[in-house]
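Comments concern the structure below.
Ligands are counted one by one from 1 in listed order, and the atoms in each one are counted from 1 as well.
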Amino acid sequence: MFEKARIRLTTWYLLIIMGVSVSFSLGIYFEVNQELGRIDTFQRARIQRIIDGIPVPPVTLPQDVDAIAEARARIILILAAVNVLILLASGAGGYFLAGQTLDPIAQMMKEQKEFVSNASHELRTPITSLKTEIEVALRDKKMTVTEARDLFQSNLEDVNNMQKLSNYLLELHKYEDSEQNFVRKKVDLVTTVAKAIDKISTIAKNANVLIISKFKPATVLGDEGSLIELATILIDNAIKYGKGGRKIIVRVDRVGKNSVFSVQDFGVGIAPADIPHIFDRFYRAEASRSKEKIEGYGLGLSIAKSIVDQHGGIISVKSKEGKGSTFTVTI
Ligand code: ADP
C-alpha cells in the first residue's frame, strides 16, 4: 500500500519538477531562437549586399548560414539532455522524498496495529477465564453455594481486570488526543501532588509503604486533573515496584524557571536495557512479568508521558537494579 503511495507521490513530484523544467527550457529556446533569427536576417542581408557588390562593414558574426541552423539543433540537443538529466535526478530525489514523507505514517500505522493486537490480547485473557469458569460451573449439577460464591469472586476479578484495562485505554486515548483542549491554569504543584498521595494512601497503607513528602512551593501552568493522574501513576508504580524498601520519597521543588516533581523508591529498579522502552505502550520489563507477578498492563507510564507531553514537560528516570528508581518530571 505504501509502495503504491510512494510511487504516486514520486510521480506528482516529477510532474511538478518536469513542468517547471520544460517551461524553463521552452522559454530559453524561444528567446535564443528569436536572437538567432535576428542574426540570421542580418547575416542574409549582409550576404545579399556582398552579392550585389555593395560594401559591407566588417563584423565578427558567423559567415555561414548553416552554422545558425547547426547552433539551433545543438541548443535543442543540450536542452533535451538537461531535461533528461533533471528527469532522472528528480525521479531519484522524488522517490527519496516520498519515502521520507511516508515513513512516519507507515511507522504510526505499524504502532497502531501493534496497539490493537496488544489490547485484544490483554482482553482475551480475562474473557477466556470468565467463559471457561462459567461453562464448567454450568456443567456442575451439584455446585454448592460456597462454590458459587467463589466462582462469582473469581468472575468479579476478571471483570475488574477488564474494567481496569478499558479505563487505561480510554485515558490513553484522552491524553494522546492532540485535539483535546485541556483547561490550562496556574496550578499549585504541592496541593496537586498532595491530592494524589491522599488518593493512593489506602493502597500505600495496605502495602505497608511510608510516603515521605519533601515539598517546596512550586506552580505550573496546566490541568490539575491530569497532573493528579500523573502523580498517582508514578506513586502507584513506586509502591508496586518498591518491594525492597518500605518507603518512597515524593519531592516537589523549583529549579530555575522550572517546577520539578519526583518520586523515588528503593525497590527492584529497572535494567538498563528496559529503560528506553518503559514509556512504550504495553511494555513491561521482564522482571515485572515473571517474578512475584506484579499486576499491570504496561500502560501507566505511556499515559504519564502523554500527560507530561501535553504540559510541554520532560519525564526522565534514573534507576539501579535492586537499589530503586527515581522518576522526575520537569515542567
Ligand atoms: P505497569 O506498571 O502496568 O506494568 P507501566 O507503564 O506503569 O506499566 O510501567 C511499565 C514498566 O516499567 C513496568 O512493567 C515495570 O517493569 C517498569 N517500572 C515502572 N515503574 C517502575 C518502578 N518504580 N520501579 C521499577 N520498575 C518500574
Side-chain angles (χ1 to χ4, degrees), residues 111 114-115 118-123 125-126 157-158 160-176 193 196-197 199-200 203-204 206-214 226-251 260-310 313-329:
E111 281 172 15
E114 268 171 22
F115 177 73
N118 281 328
S120 329
H121 182 79
E122 293 291 352
L123 271 174
T125 315
E157 265 169 37
D158 290 328
N160 281 339
N161 281 340
M162 286 194 278
Q163 192 181 34
K164 242 188 248 171
L165 179 59
S166 65
N167 285 343
Y168 267 136
L169 294 177
L170 283 174
E171 266 185 48
L172 199 62
H173 174 71
K174 176 171 141 194
Y175 293 118
E176 281 191 352
V193 175
I197 294 178
K199 197 172 145 190
I200 215 160
I203 296 177
N206 289 343
N208 207 13
V209 170
L210 175 68
I211 302 178
I212 300 168
S213 312
K214 295 189 176 180
S226 316
L227 291 167
I228 294 178
E229 186 58 41
L230 165 68
T232 310
I233 291 170
L234 296 184
I235 300 170
D236 184 40
N237 275 355
I239 297 171
K240 271 198 310 191
Y241 301 105
K243 290 271 169 188
R246 296 291 82 195
K247 65 170 182 184
I248 61 175
I249 303 174
V250 182
R251 293 183 176 86
V260 179
F261 150 66
S262 71
V263 181
Q264 181 177 12
D265 69 62
F266 303 87
V268 294
I270 309 164
D274 286 320
I275 289 185
H277 306 290
I278 54 173
F279 296 100
D280 294 349
R281 297 182 293 191
F282 286 108
Y283 187 84
R284 303 202 74 209
E286 208 43 53
S288 43
R289 283 182 196 277
S290 45
K291 280 182 215 163
E292 290 176 55
K293 187 136 181 33
I294 300 167
E295 285 204 359
Y297 291 105
L299 288 174
L301 287 181
S302 320
I303 296 171
K305 177 147 190 336
S306 302
I307 296 173
V308 175
D309 288 347
Q310 288 268 5
I314 294 169
I315 184 165
S316 61
V317 59
K318 275 201 179 126
S319 185
K320 255 201 167 145
E321 269 182 292
K323 292 257 192 274
S325 317
T326 305
F327 282 84
T328 307
V329 173

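In terms of polar-atom proximity, defined here as any N/O pair under 3.5 Å, Tyr168 makes no such contact with ligand 1. The shortest N/O to N/O separation between Ser302 and ligand 1 does not fall below 3.5 Å. At least one N or O atom of Ala285 sits closer than 3.5 Å to an N or O atom of ligand 1. At least one N or O atom of Leu301 sits closer than 3.5 Å to an N or O atom of ligand 1. For Val268, no nitrogen or oxygen atom sits less than 3.5 Å from a nitrogen or oxygen atom of ligand 1, counting backbone and side chain alike. Ligand 1 has a nitrogen or oxygen under 3.5 angstrom from a nitrogen or oxygen of Tyr241.
Counting only distance, with no hydrogens or angles, the side chain of Tyr297 and the backbone of Asn161 share a donor-acceptor pair below 3.5 Å. In this structure, Asp236 contributes its side chain and Thr232 its backbone to no donor-acceptor pair below 3.5 Å. Between the side chain of Arg284 and the backbone N or O of Leu299, no donor-acceptor pair lies under 3.5 Å.
Between atom CD1 of residue Ile278 and atom OG of residue Ser325 there is a gap of 7.5 Å, rounded to the nearest 0.5 Å. The distance from the CD1 atom of Ile235 to the CZ atom of Phe261 is 5.0 Å, given to the nearest 0.5 Å.
Note: Phe282 and Phe115 meet the aromatic proximity criterion, with ring centroids under 6.0 Å apart.
For Phe279, the heavy-atom gap to ligand 1 stays at 4.0 angstrom or more. At least one heavy atom of Gly298 sits closer than 4.0 Å to an atom of ligand 1.
The neighbour count for Lys240 NZ, taken as heavy atoms of other residues, nucleotides or ligands under 6.0 Å away, is above 12.
The salt bridge (charged side-chain N to carboxylate O under 4.0 Å, His left out) check on Arg281 picks up Glu176, with sequence neighbours excluded. Scored by the salt bridge (charged side-chain N to carboxylate O under 4.0 Å, His left out) test, Lys323 finds no partners at all (sequence neighbours excluded).
Heavy-atom proximity to atom 17 (C) of ligand 1, evaluated over Ile303, Leu299, Ile239, Ile278, is greatest for Ile278.
In the vicinity of Tyr283, heavy-atom distances shorter than 4.0 Å reach the ligand 1 atoms 10 (C), 11 (C). Every atom of ligand 1 is numbered from 1 in the order shown, and the set under 4.0 Å from a heavy atom of Gly296 is 3 (O). Residue Lys240 approaches ligand 1 through these ligand atoms, each under 4.0 Å from one of its heavy atoms: 1 (P), 2 (O), 3 (O). Close approach to Phe327 involves these atoms of ligand 1, each under 4.0 Å from a residue heavy atom: 20 (N), 21 (C), 22 (C), 23 (N). Contact atoms of ligand 1 toward Gly300: 5 (P), 6 (O), 7 (O), 8 (O) (distance under 4.0 Å to a heavy atom of the residue).
At a 4.0 Å heavy-atom cut-off, ligand 1 touches Asp265 through the side chain alone.
Because its NZ or CZ atom is both nearer than 6.0 Å to the ring centre of Phe266 and within 45° of the ring axis, Lys247 counts as a cation-pi partner of that residue.
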